[in-house]
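Worksheet: the structure to be examined is printed underneath.
Computed from a predicted model, the values in this text were never measured in an experiment. Computed from heavy atoms alone, side chains included, the values below leave out hydrogens, waters and symmetry copies. Every chain is numbered from 1, with letters handed out A, B, ... down the list of sequences.
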Amino acid sequence: MQKNENEGSKEPSVDFIRAIVAEDIRTNKWDGKVITRFPPEPNGFLHIGHAKSICLNFGIAAENKGGRCHLRFDDTNPVTEEDRYVNSIQDDVRWLGWDWGEHLYYASDYFGKMYEYAVELIKKGFAYVCDLDAGQIREYRGTLTKPGKDSPYRNRSVEENVALFMRMKDGEFKDGSRVLRAKIDMASPNMNMRDPVMYRILHADHHRTGSKWRIYPTYDWAHGLEDSIEGITHSICTLEFENHRPLYDWYLDKLEVHHPQQIEFARLELTYTVMSKRKLLQLVEEGHVKDCDDPRVPTISGMRRRGYSPEAIRQFCRRIGINKFNSTIDIALLEHCIREDLNKTSNRVMAVLRPLKVVIDNYPEDEVEWMDAVNNPEDPDAGTRKVPFSKIFYIEQEDFMEDPPKKFFRLGPGREVRLRYAYFVTCTDVVKDDDGRVVELHCSYDPATRGGNAPDGRKVKSTLHWVSASHALRAEVRLYDHLFTKELPDEAANGEDFRSNLNPKSLHVLSNCMVEPSLKDARLLDRFQFERLGYFCVDADTTEGNLVINRTATLRDTWAKIQKKEHKK
RNA sequence: UGGGGUAUAGUGUAAUGGUAGCACAAUUGAUUCUGGUUCAAUUUGUCCGGGUUCAAAUCCUGGUACCCCAGCCA
């Protein structure tokens with residue numbers, strides 16, 4: 001018993017699918033092989049829910065010696081599928097950090113083989129050509145509680161079936177006039193077993209096979225064959241296919257070919273967003289978001305643009321676990337994962353989103369001092385940089401209050417605070433416009449506190465970020481909030497749907513932001529922490545004269561929490 | 001009695017007859033040149049009823065609730 005080897009040592013718990021794989025390896029069920037696959041249909045963009053499946057399938061393959069995971073496009077329906085999706089899906093899987101090596105496949109590559117298998121099934125008496133139209137087939141199928149009845153075409157001879165099927169293939173019949181059906185059991189309590197359709201006639205051109213085929217296989221017929229042909233060992237899919245498993249098994253048993261094990265797990269659901277392809281597409285088409293890669297939407301391309309890292313997404317997929325029951329994960333966990341990663345990896349920089357001008361009255365007019373600033377306190381290797389300080393600079397509007405409440409530690413009349421990496425300053429005067437709004441502050445500074453520490457050891461309650469006015473780069477910053485105001489957007493009032501829960505404030509654009517000059521060389525998708533504000537990245541809309549920046553996530557903000565609580569009182 | 005699944009803190013997930021643990025969230029406190037990070041602590045749980053057992057989240061039994069299935073979509 002090799003089991004003893006690990007006894008006593010606490011093995012990390014694994015999900016039920018990894019447990020099955022481990023057991024299969026132990027019993028040598030598949031000659032020790034582990035071959036999984038990720039089989040997207042190229043009819044839409046990948047989202048975080050797909051990432052769960054990708055990380056599961058590629059992850060299991062990577063964790064097992066000699067394991068591999070195929071990327072296979074399940075392109076059996078030419079009406080909805082397009083090449084552009086094939087490309088974006090590959091980009092996304094690769095960006096997430098996975099590699100399928102030479103194992104890139106297309107269901108359409110197997111159309112010829114599938115046709116032969118279908119003929120074989122006909123010859124075995126397990127399939128027949130049915131002339132019923134779609135409506136009739138539905139009628140004959142019965143209901144959930146009533147058995148169906150046999151099609152009048154169910155007992156055609158093998159010869160007639162083979163001949164008709166060949167003519168279907170040759171395009172002799174009109175769309176919808178005939179189908180090939182499996183001959184199983186019209187009284188089965190499982191609707192999928194009531195003589196399911198294997199082939200439909202579609203005079204539609206396919207994105208890869210062009211006009212070669214006039215019949216196309218249905219999912220149930222095609223998918224098991226694809227898995228079988230590729231030698232897949234574990235065919236992992238989502239819960240709604242559980243009812244299809246008997247059919248998956250039936251086809252492969254009747255054909256007596258390699259028979260992978262289908263295993264189902266629950267889809268990912270996330271609070272404050274929607275996950276279905278249909279709804280995501282609807283949001284784009286109706287203009288609620290700009291495009292499929294809008295940073296508010298949980299597509300992989302949207303998250304990439306928002307500033308998410310592949311590491312954070314993979315970490316998230318590891319943490320959510322794998323199970324067989326529907327659950328909705330708190331989006332706070334996703335946000336935690338991105339903060340955790342970005343805290344360790346992103347350089348800190350100073351930027352002022354809502355600028356308030358400050359003048360240091362006792363600071364020399366034309367003086368500029370280049371202050372040393374740490375790039376990343378979590379990573380000593382990230383080094384330091386110089387940040388210019390001068391007489392006039394900007395601070396955040398919300399870092400000043402004329403009449404500060406008890407728990408407000410920042411700047412106010414007569415108060416002293418630290419300017420990060422620079423000096424202690426004390427507010428001496430407040431300038432207002434005609435409407436009484438604060439438009440400018442005057443301060444005095446203590447030259448002895450250069451760098452940010454007082455030689456007399458005096459403390460200050462708060463440290464502010466700032467950007468020197470004459471050195472500042474202008475930027476447009478896009479702030480994002482949850483796309484929906486409700487945790488579960490589908491919970492809508494009578495007659496309404498998820499769109500009624502859209503958050504009107506999910507995007508907030510600030511066009512007059514000031515960032516420190518070190519950002520002048522920033523490139524597309526570069527990520528930063530703006531000190532005290534959050535994590536940000538350079539957006540694709542950036543042009544030569546216009547720096548556009550997305551907020552990926554805020555920092556955890558205890559001051560905001562305090563304010564929220566005070567508000568409620 | 002149509003069939004197939006599933007129930008563990010607020011959320012997600014471990015514990016495979018032997019102390020119900022972990023993460024997120026929440027709440028305290030310590031540290032801090034980011035109201036960040038880090039650290040420490042606290043609150044909250046086995047769907048319900050019966051049974052077996054020294055011992056049940058786990059086994060048996062009877063309920064309840066939720067999800068999926070009547071595409072020539074996947």
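Under the 6.0 Å cut-off for aromatic ring centres, A/Tyr128 and A/Tyr153 do not qualify, their centroids lying 6.0 Å or more apart. Taking the six-membered ring for Trp and the full ring otherwise, A/Phe16 and A/Phe265 have centroids separated by 6.0 Å or more.
In this structure, the CG atom of A/Asn343 is 15 Å from the C1' atom of B/rG35, given to the nearest Å. Atom OH in A/Tyr535 sits about 13 Å away from atom P in B/rU34, given to the nearest Å. B/rG36 atom C1' lies 12 Å from atom OH of A/Tyr421, rounded to whole Å. The CD1 atom of A/Ile184 sits 15 Å away from the C1' atom of B/rG3 (whole-angstrom rounding). In this structure, CG of A/Asp379 is placed 18 Å from P of B/rU34, rounded to the nearest angstrom. What separates CD of A/Glu398 from C1' of B/rG35 is a distance of 11 Å, to the nearest Å. Rounded to whole Å, atom P of B/rG5 lies 16 Å from atom CD1 of A/Ile17. The interatomic distance linking A/Glu264 (CD) with B/rG5 (C1') rounds to 9 Å, in whole Å.
Closest approach of A/Leu342 and A/Ser346 over heavy atoms only: O-OG, 2.7 Å.
With its glycosidic angle more than 90° from 0, B/rG62 adopts the anti conformation.
With sequence neighbours left out, the ring pair (Phe, Tyr, Trp, His ring centres under 6.0 Å) criterion links A/Tyr115 to A/Phe165. For A/Ser468, the side chain to side chain donor-acceptor pair (under 3.5 Å) test picks out A/Ser390, A/His471, with sequence neighbours left out. Taking A/Asp372 as the reference, A/Lys386 meet the side chain to side chain donor-acceptor pair (under 3.5 Å) condition, with sequence neighbours excluded. For A/Asn43, the side chain to side chain donor-acceptor pair (under 3.5 Å) partners are A/Glu41, A/Lys277, not counting sequence neighbours.
Taking atom C1' on both B/rG45 and B/rA26, the two are 16 Å apart, rounded to the nearest angstrom. Remark: the separation of the P atoms in B/rG50 and B/rA7 is 22 Å, to the nearest Å. Separation of the C1' atoms belonging to B/rG12 and B/rU44 is 15 Å when rounded to the nearest angstrom. Only the C1' atoms considered, B/rU32 is 24 Å distant from B/rA25, to the nearest whole Å. Only the P atoms considered, B/rG35 is 16 Å distant from B/rU31, to the nearest whole Å. Between B/rG49 and B/rA30, the distance separating the two C1' atoms is 49 Å to the nearest Å. Rounded to whole Å, the P atom of B/rA57 lies 8 Å from the corresponding atom of B/rA20. To the nearest whole angstrom, the two C1' atoms, one in B/rG3 and one in B/rU27, are 48 Å apart.
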Could you pull out all donor-acceptor pairs under 3.5 Å where a side-chain atom in residues 186-193 of chain A meets a protein atom, sequence neighbours excluded?
residue: A/Ser188; atom: OG; partner: A/Asn190; partner atom: N; Å: 3.0
residue: A/Ser188; atom: OG; partner: A/Asn190; partner atom: O; Å: 3.2
residue: A/Asn190; atom: OD1; partner: A/Asn192; partner atom: N; Å: 2.9
residue: A/Asn190; atom: ND2; partner: A/Asn243; partner atom: O; Å: 2.9

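OP1 and OP2 of B/rG35 both lie 4.0 Å or more from every side-chain N or O belonging to A/Arg556. Taking side-chain N and O atoms only, A/Ser327 has a distance below 4.0 Å to OP1 or OP2 of B/rU13.
No donor-acceptor pair closer than 3.5 Å links the side chain of A/Asp170 to the backbone N or O of A/Glu172. A distance-only check finds a donor-acceptor pair linking the side chain of A/His203 to the backbone of A/Phe173 [under 3.5 Å].
Looking at heavy-atom distances under 4.0 Å, A/Thr145 makes contact with a base. Nucleic acid contact class of A/Glu242 (heavy atoms, under 4.0 Å, all strands): sugar-phosphate only. Contacts of A/Arg245 with the nucleic acid, taken as non-hydrogen atoms under 4.0 Å apart, are absent. Within 4.0 Å of A/Phe408, counting heavy atoms only, lies at least one base atom of the nucleic acid. A/Ile562 comes within 4.0 angstrom of a base, heavy atoms only.
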Can you check nucleotides 20-23 of chain B for protein contacts, nitrogen or oxygen pairs under 3.5 Å, and list what you find?
residue: B/rA23; atom: O2'; partner: A/Arg319; partner atom: NH1; Å: 3.1

Between the protein and nucleotides 27-32 of chain B, which nitrogen or oxygen pairs are less than 3.5 angstrom apart?
residue: B/rU28; atom: OP1; partner: A/Lys565; partner atom: NZ; Å: 3.4

I'd like a list of close polar pairs between nucleotides 14-17 of chain B and the protein, N/O only, cut-off under 3.5 Å.
residue: B/rA14; atom: OP2; partner: A/Asn323; partner atom: ND2; Å: 3.4

Pairs: protein N or O with nucleotides 41-43 of chain B N or O, under 3.5 Å:
none

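Side-chain N/O atoms of A/Arg339 and base N/O atoms of B/rU37 include no donor-acceptor pair closer than 3.5 Å. The base of B/rG35 lies outside donor-acceptor range of the side chain of A/Gln563, with no N or O pair under 3.5 Å.
With no hydrogens or angles considered, no side-chain donor-acceptor pair links A/Gln262 and A/Tyr248 at under 3.5 Å.
In this structure, CG on A/Leu464 lies 5.5 Å from CD1 on A/Ile395, to the nearest 0.5 angstrom. A distance of 5.5 Å separates CG in A/Leu56 from CZ in A/Arg18, rounded to the nearest 0.5 Å.
Side-chain contact between A/Leu46 and A/Val93 is present, with at least one heavy-atom pair separated by less than 4.5 Å. In this structure, A/Thr76 and A/Tyr216 have side chains that are not in contact, with every pair of non-hydrogen atoms separated by 4.5 Å or more. Side-chain contact between A/Asp446 and A/Arg458 is present, with at least one heavy-atom pair separated by less than 4.5 Å.
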Residue pair A/Trp466, A/Tyr394: steps toward the ring pair (Phe, Tyr, Trp, His ring centres under 6.0 Å) verdict: CA-CA 5 Å; A/Trp466 50 273; A/Tyr394 299 102; over 10 Å; no

Summarise protein proximity over nucleotides 65-74 of chain B in one line of letters, 5' to 3': B for base, S for sugar-phosphate only, - for none, counting protein heavy atoms closer than 4.0 Å. --SBBBSBSB

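Legend: salt bridge (Lys or Arg N to Asp or Glu O under 4.0 Å) pairs involving residues 324-342 of chain A, not counting sequence neighbours, sorted by first then second residue: A/Glu242-A/Lys324, A/Glu264-A/Lys324, A/Arg319-A/Glu340.
Relative to the side chain of A/Asp330, the nucleotides B/rU11, B/rG35, B/rU6 differ in distance, and B/rU11 lies closest.
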Toss me the dot-bracket line for RNA chain B: Watson-Crick and G-U wobble, both under 3.5 Å, 5' to 3', using | for pairs to another strand and [ ] for crossers. .((((((..((((....[..)))).(((((.......)))))....(((((..]....))))))))))).....

